[in-house]
Amino acid sequence: MRLSRYFLPLLKETPKEAEIVSHRLMLRAGMIRQQAAGIYSWLPLGLRVLDKIEAIVREEQNRAGAVEILMPTVQPADLWVESGRYNDYGKEMLRITDRLDRAMLFGPTAEEVVTDIFRSYVRSYKNLPLNLYNIQWKFRDERRPRFGVMRGREFLMKDAYSFDVDQDRAREAYYRMFVAYLRTYSRLGLTAIPMRADSGPIGGDMSHEFIILASTGESQVFCEKGVLDLPIPPADTDFQGDLKPIIDEWTSFYAATEEKHDEAAFAAIPEADRVSARGIEVGHIFYFGTKYSEPMGARVAGPDGVERPVHMGSYGVGVSRLAGALIEASHDDAGIIWPDAVAPFAVGLVNMKPGDAAVDAACEDLYARLEAAGVEVLYDDTDARAGAKFAMMDLIGLPWQLIVGPRGLAQGEVELKRRATGERETMSIEAALNRLVG
RNA sequence: CGGGGCAUAGCGCAGUCUGGUAGCGCACCUGCUUUGGGAGCAGGGGGUCGCAGGUUCGAAUCCUGCUGCCCCGACCA
C-alpha cells in the first residue's frame, strides 16, 4: 500500500478523552474513531489488525474442531424469555422493538440462539460432540464504557458453544478450548495465563479466565513463576486425544485474580517464585451443564434411547479488546510495537527523498518485489520530512522499517530497522530482501 | 448506578470571574527556502462558542433546563 493513496489519519496531539495508553495510541495512529461512548468505527489500520487477530482466533478454533457459523446481531426476545434470562439481564441488554412492536434485542451473547439452532437439528448422541462458534459484534450497554476498545459497549467477540452427551464428554470439550486458547494467545505474541474463575451468573463449575500480563492492566493478578514458562501445546496437538495432562500441568500452578486471591496459598509459594502483576482479561471459558438446554428443550437421545438435556459450555475471546490489549502489552514512548503476527503491515518502506530518481527507482523495485513475495508493505512515498516519517513509522509500530535514502544508496545500501529493539543495520538491497522475505 | 469534571475551528487550548464585533498552537491551502528524527518565512481558508429557553440595548461570558463525553468507585469479552 502506498501511503499517498492510503487513509491513515494520524493525530499529533492526543484527544483529551483518551486516558490509557492503548486508547491514546489507537487514536493517534488512526486505527479507530469514536462515534459514541463505547462505540467505534475501525479505520483501515485498525481494521487490518482486527482482521489478523480474528484470523488467528479462527484458525485455532478450527484446529480444535470447532465449526464456524454466523449468528445475527439482532435476536428475538422470545428465546430469552424461554431461557429465563430476558428479565434477569437488566439494563445491559439493549432492547429494541421492530415496526410491528415485536420485542427484539441486540445480542450481548448467543447462548439462546445457538441452543435454538442445536435443538432444531440435533437429536442423537451420534452427532456429538459438536462445537459451534461465531465471530460477531455484540452489544452490552455497560454502565460505564471506558478505555477505548478495551471496554466498549459494542465489541467483537468470538463465542463458541460446545454440546456433549454428558459431563465427562463436556469436560473433554472444555479441555479442547483450553488448549486452543493457550495456542491462540501465544500466536498473538501474548503471555496469557489461565486463572480459575467464578462461573458467575452464567452458572456451572468449570471456569477459567485467560489473563495477559501488561503493566497497565486493569486488575491485579498473582501467579507462580513456573506458569509463565510452561510450553505451549504444539500445532500438531491431537485434539481427539487425551488433553488432560496438559490441563493438569497448567492448573497445577497457583494463578488467581485479585478477587480469587488466596493470600495464604500464595504465601506458601517460595518468595522467588511469586509473581504479582497487572493483568487484562482476554478470554473466559465456562462449562454450564444444562442451564440452557433444560429450559429450552435441547435434548439428545443416548445409546439407551433415553433423551437427556445436552451438556453445554461457552468460550469467549474478546477480539476487539485484544487489539487494545496487544498495545497495552507492547508499546514504548514512541508508539506501538506490533508483534509480527498481528502487525497491520510487516514492513514500512521509507523513501527518504521522493523525486530523486535513484531513490524512487530503488523504492519502487523493493516495493514490487516485497509485494510479489507476499510481504505486506506500507510504502511511504510522501514528501514529508525525514523526522516526520520516522516518527510516524515508530508510532504505527510496524515490525520493520526499510529506509532508503540517497546517502546509503550511493553505496548500494539501505537501512533496516527493527521497531521492537530499535536496532538499525545497513546492508545491501539483496540482503534486506532476503531478511524480509525469509 | 453513586461521586467528580469537561463541552469554543479537524486536534490541543485561551477567552467566561468583571457582558461590548471570537483568538493562539498544530493540522489544512498557496508561494519561496529547507530536506536522515515531527522545518522556517510570508500569505490564506475554516467556528450558528453542545442544544433550548430566559435576563439585557448587547450573551461564548449571567440565569434555568436539557444533552453529550471523560475520570474515580461497585460489574464485565
Side-chain angles (χ1 to χ4, degrees), chain A residues 9-20 23-24 27-28 30 33-39 53 57 89-93 107-110 135-160 181 184-185 192 197-202 207-212 218-219 257 259 280-286 314-325 333-335 350-356 359 380 382-395 401 403-409 414-415 417 422 424 426:
Chain A
L10 302 183
L11 301 179
K12 209 169 202 176
E13 288 172 281
T14 307
K16 64 166 180 267
E17 73 269 18
E19 203 61 28
I20 64 162
H23 192 195
R24 284 203 302 266
L27 290 168
R28 289 199 52 214
R33 158 88 185 163
Q34 181 169 349
Q35 305 294 162
I39 299 177
I53 296 169
V57 170
Y89 220 90
K91 301 199 80 172
E92 279 206 0
M93 186 152 76
T109 176
I135 300 174
Q136 177 64 290
W137 292 93
K138 303 294 189 293
F139 195 95
R140 292 182 191 172
D141 203 353
E142 300 268 350
R143 297 119 315 219
R144 191 185 158 202
R146 57 183 140 164
F147 303 147
V149 301
M150 298 273 288
R151 183 170 311 162
R153 289 192 292 172
E154 188 180 45
F155 59 96
L156 188 60
M157 180 165 85
K158 185 286 296 183
D159 42 321
Y181 276 35
T184 300
Y185 298 118
D198 207 355
S199 53
I202 209 163
S207 175
H208 285 87
E209 285 181 16
F210 285 76
I211 305 278
I212 66 164
E218 287 184 76
S219 50
T257 58
E259 304 80 57
I280 301 169
E281 183 186 349
V282 289
H284 203 159
I285 60 179
F286 297 94
S314 78
Y315 314 88
V317 171
V319 175
S320 50
R321 169 180 283 187
L322 273 166
D333 290 344
V350 181
N351 183 332
M352 294 301 293
K353 193 166 186 182
D356 179 298
V359 178
D380 185 351
T382 66
D383 59 3
R385 300 171 66 84
K389 291 193 175 198
F390 290 141
M392 180 206 78
M393 282 298 173
D394 286 350
L395 174 63
Q401 293 171 21
I403 300 153
V404 182
R407 208 171 65 190
L409 206 56
V414 296
E415 199 176 323
K417 175 180 164 183
R424 297 156 164 275
T426 299

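Small disclaimer: the values here were computed from a predicted structure and weren't measured.
In this structure, A/Gly152 reaches the bases: a heavy-atom distance under 4.0 Å links it to at least one base atom across the strands shown. Using a 4.0 Å heavy-atom distance criterion, A/Ala391 is classed as a base contact. Counting any heavy atom pair closer than 4.0 Å across all strands shown, A/Arg153 reaches no nucleic acid atom. Among the heavy atoms of the strands, none lies under 4.0 Å from A/Asp383. Using a 4.0 Å heavy-atom cutoff across all strands shown, A/Met157 reaches sugar-phosphate atoms only and no base atom. Backbone-only contact: A/Val282 has heavy atoms under 4.0 Å from sugar-phosphate atoms and none from a base. Among the protein residues, A/Ala36 comes within range of the sugar-phosphate backbone only, with heavy atoms under 4.0 Å from sugar or phosphate atoms but none that close to a base. Note on A/Gly283: only backbone sugar-phosphate atoms sit closer than 4.0 angstrom, heavy atoms only; bases stay farther off. A/Lys158 comes within 4.0 angstrom of no nucleic acid atom, judged by non-hydrogen atoms across all strands.
For A/Arg146, no side-chain nitrogen or oxygen approaches OP1 or OP2 of B/C71 to under 4.0 Å. Taking 4.0 angstrom as the limit, A/Lys389 places none of its side-chain polar atoms (N or O) nearer than this to OP1 or OP2 of B/G36. Within the 4.0 Å cut-off from OP1 or OP2 of B/A39, at least one side-chain nitrogen or oxygen of A/Arg385 is found. In this structure, A/Lys353 does not reach the B/U35 phosphate: none of its side-chain N or O atoms is under 4.0 Å from OP1 or OP2.
On the P atoms, B/A7 is 13 Å away from B/U61, given to the nearest whole Å. On the P atoms, B/U55 is 27 Å away from B/U8, given to the nearest whole Å. The gap from the C1' atom of B/C72 to that of B/G38 amounts to 34 Å, rounded to the nearest Å. Going from the C1' atom of B/C26 to that of B/G68 covers 25 Å, rounded to whole Å. Nucleotides B/A22 and B/A27, compared at atom P, are 26 Å apart to the nearest Å.
In this structure, B/C1 forms a base pair with B/G73, meeting either the Watson-Crick or the G-U wobble geometry with both donor-acceptor distances under 3.5 Å.
How far CG of A/Leu395 is from CG of A/Leu11: 9.0 Å, rounded to the nearest 0.5 Å. Between the CE atom in A/Met150 and the CD atom in A/Glu281 there is a gap of 11.0 Å [rounded to 0.5 Å].
Stacking annotation: A/Phe155 is stacked on the base of B/A77 (ring centroids less than 5.5 angstrom apart, interplanar angle below 30 degrees).
Of the options A/Val414, A/Ile403, A/Val404, a side-chain contact (heavy atoms from CB on, under 4.5 Å) to A/Val350 is made by A/Ile403 and by none of the others.
With no hydrogens or angles considered, no side-chain donor-acceptor pair links A/Asp159 and A/Gln136 at under 3.5 Å.
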